[in-house]
Amino acid sequence: MSIQIIGVIGAGQMGQGIAQVMACAGYQVQLVDSSADALDKAVIRIRQSIEKLTGKGLLEANNDYLAAIQCSTELSSLTSANLVIEAATESEKVKTTIFQALASICPASTLFASNTSSLSITRLAASIPNPERMIGMHFMNPVPLMQLVEVIEGLQTDKSTTMTVMEVAKRAGKISIPVKDRAGFVLNRILLPMINEAVFVLEERNATEEQIDQIMMLGAAHPIGPLALADLIGLDTCLSIMDVLYTQFGDSKYRAAPLLRQMVDAGRLGKKVGQGFYHYER
Ligand code: NAI
C-alpha cells in the first residue's frame, strides 16, 4: 500500500527521532503527544538535530524538513494517516488504550506499528479489530543516527503489513531485520541483561560508574558504557524491559537490579530528566 502520511504518537526521545527521519524521507508527519509541553520541546530538539545534520552535509541545506511535521495533542488528527507509529511510554495499558482509540477513528486500512522495546505485538494486536495490520517497528536511540529497525511480526500480522513497513524503513534510510515476537525481541534480550548486570556491579561497589563504563568501552570495544547507555535509553524503559523479560521467561537471571528500581522510584530516569547514573546539563 502507498504511504504518504505517517502519524507518530509520543513526542519523547524516540517519537521525536521517528518524526524527524520520516519528515526527512519526504513523508507528511502528524506528531501527537498528550502533553503540549512535550510537543514544544520536540520541535526545538528536531530543529536542532536537523541543523546539526545539515551542518555535517547529511541533509540538504535548502530543504524545510520541519514544515512536513504537524503537531497535535489530539489522536483525532490521525484519521488520514496511512501508517501510525506509536512511541508512547512503555506500558501495555497506555499502548492498548491508544490503539483501541485509533482503531475506532481510523479506517481499517490504516497500518499500526508500535515502537515498543519489549511488549508483545501479538497481545497489542489482539486488543483491536483487524489485528493483521499491527506490527512492531523497533527503532534505535538516537533514531536519526542508528541504522537498525527490528521489525516484529505478531502471530496475526499480514505479510503485506511487513512488506509495507520495511519499505518505509528503507526510504527513511534504515536497515530493517524481521524478528520473532518474543519478549525483548533480539536486541533488548541481549542488551538489557548486560545493562542490568552493570547495575548489580555498581550496587556491589565493585567499581564506580566511570570505571564500569570505561572497562566495557576499552575492554569490549563498546562505543558507550552500559550505565551511560542506560541513561540514554531511560531507566524507566530499562526497568520495564527487565520486568517483561522476567515475567515472560520466568527465569531469575532477568530479575531487575534493586538499584535500577530505586533509581526509577527516585525519578532519576537518565538523560531525559538530567539525572541518572550521571548528571546532565539541560
Ligand atoms: P519518553 O518518556 O521520552 O517519551 C514518551 C512520550 O509519550 C512522552 O512525551 C509522553 O508525554 C507521551 N505519552 C505518554 N502517554 C501518551 C498517550 N496516551 N498519548 C500520547 N502521548 C503519550 O519515552 P521514549 O524513550 O521516547 O520511549 C517511547 C517508546 O519507545 C517506549 O515504548 C520505549 O520502550 C520505546 N523505545 C525506547 C528506546 C530508548 O532508547 N529510549 C529505544 C527503542 C524503543
Side-chain angles (χ1 to χ4, degrees), residues 7-21 30-46 49 71-78 81 84-102 105 112-121 123-124 127 136-152 169 174 176 179 183-192 195 224 226-245 264 267-274 276 280 282:
V8 177
I9 302 180
Q13 41 184 359
M14 294 306 291
Q16 288 164 24
I18 296 167
Q20 179 182 325
V21 297
Q30 195 68 44
L31 179 59
V32 174
D33 199 294
S34 45
S35 153
D37 186 46
L39 287 167
D40 291 344
K41 287 188 177 136
V43 170
I44 293 168
R45 298 225 170 94
I46 293 170
S49 175
C71 293
S72 173
T73 53
E74 301 297 329
L75 285 180
S76 57
S77 65
L78 298 174
V84 178
I85 305 174
E86 169 277 318
T89 309
E90 184 75 345
S91 143
E92 186 165 336
K93 190 157 180 271
V94 167
K95 292 181 190 293
T96 305
T97 307
I98 287 173
F99 284 119
Q100 286 175 344
L102 280 179
I105 57 169
F112 295 157
S114 177
N115 184 48
T116 178
S117 301
S118 60
L119 298 170
S120 162
I121 298 303
R123 275 172 66 91
L124 290 178
S127 69
M137 271 184 108
H138 183 218
F139 290 81
M140 307 297 135
N141 186 7
V143 182
L145 302 183
M146 300 293 281
Q147 271 200 303
L148 178 68
V149 178
E150 274 183 320
V151 169
I152 304 105
K174 305 296 175 198
S176 48
V179 299
F185 316 128
V186 173
L187 182 95
N188 284 330
R189 180 158 169 200
I190 298 170
L191 181 65
L192 261 295
I195 289 175
I224 179 172
L227 298 174
L229 181 56
D231 276 357
L232 184 66
I233 293 170
L235 302 193
D236 50 343
T237 301
C238 291
L239 177 63
S240 168
I241 297 168
M242 286 311 298
D243 285 344
V244 168
L245 289 172
V264 173
R268 296 186 162 191
L269 305 183
K271 199 171 177 189
K272 63 185 169 185
V273 298
Y280 303 86
R282 289 169 60 75

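Whatever order the structure lists them in is the order used to number ligands and atoms, beginning at 1. Here, residue 1 is the first one in the sequence, and each next residue gets the next number.
Atom CD1 of Ile9 and atom OG1 of Thr89 lie 12.0 Å apart (nearest 0.5 Å). Between the CD1 atom in Ile241 and the CD1 atom in Ile195 there is a gap of 8.0 Å [rounded to 0.5 Å].
Scanning both residues, Glu86 and Ser114, for their nearest heavy atoms gives OE1-OG, 2.5 Å.
Among residues two or more places apart in sequence or in another chain, the side-chain hydrogen bond (donor to acceptor under 3.5 Å, both in side chains) test is passed with Ser118 by Glu90. Evaluation of the side chain to side chain contact (heavy atoms under 4.5 Å, CB included) rule for Thr96 yields Glu92, Gln100, Leu124, Ser127 as partners, not counting sequence neighbours.
Within the structure, every pair that satisfies the side-chain hydrogen bond (donor to acceptor under 3.5 Å, both in side chains) test and touches residues 10-21, not counting sequence neighbours, is listed here: Gln20-Ser49.
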Which N or O atoms of ligand 1 sit under 3.5 Å from a protein N or O, and how far apart is each pair?
from	atom 1	to	atom 2	distance (Å)
ligand 1	2 (O)	Lys272	NZ	3.1
ligand 1	3 (O)	Gln13	N	3.1
ligand 1	9 (O)	Asp33	OD2	2.6
ligand 1	11 (O)	Asp33	OD1	2.7
ligand 1	11 (O)	Asp33	OD2	3.4
ligand 1	21 (N)	Ser34	N	3.3
ligand 1	25 (O)	Gln13	NE2	3.2
ligand 1	26 (O)	Gln13	N	3.3
ligand 1	26 (O)	Met14	N	2.9
ligand 1	30 (O)	Asn115	ND2	2.9
ligand 1	32 (O)	Ala88	O	3.2
ligand 1	32 (O)	Glu90	OE1	2.5
ligand 1	32 (O)	Lys95	NZ	2.8
ligand 1	34 (O)	Glu90	OE1	2.9
ligand 1	34 (O)	Ser117	OG	2.6
ligand 1	36 (N)	Ser117	OG	3.1
ligand 1	40 (O)	Asn141	ND2	3.1
ligand 1	41 (N)	Gln13	NE2	3.4
ligand 1	41 (N)	Ile233	O	2.6

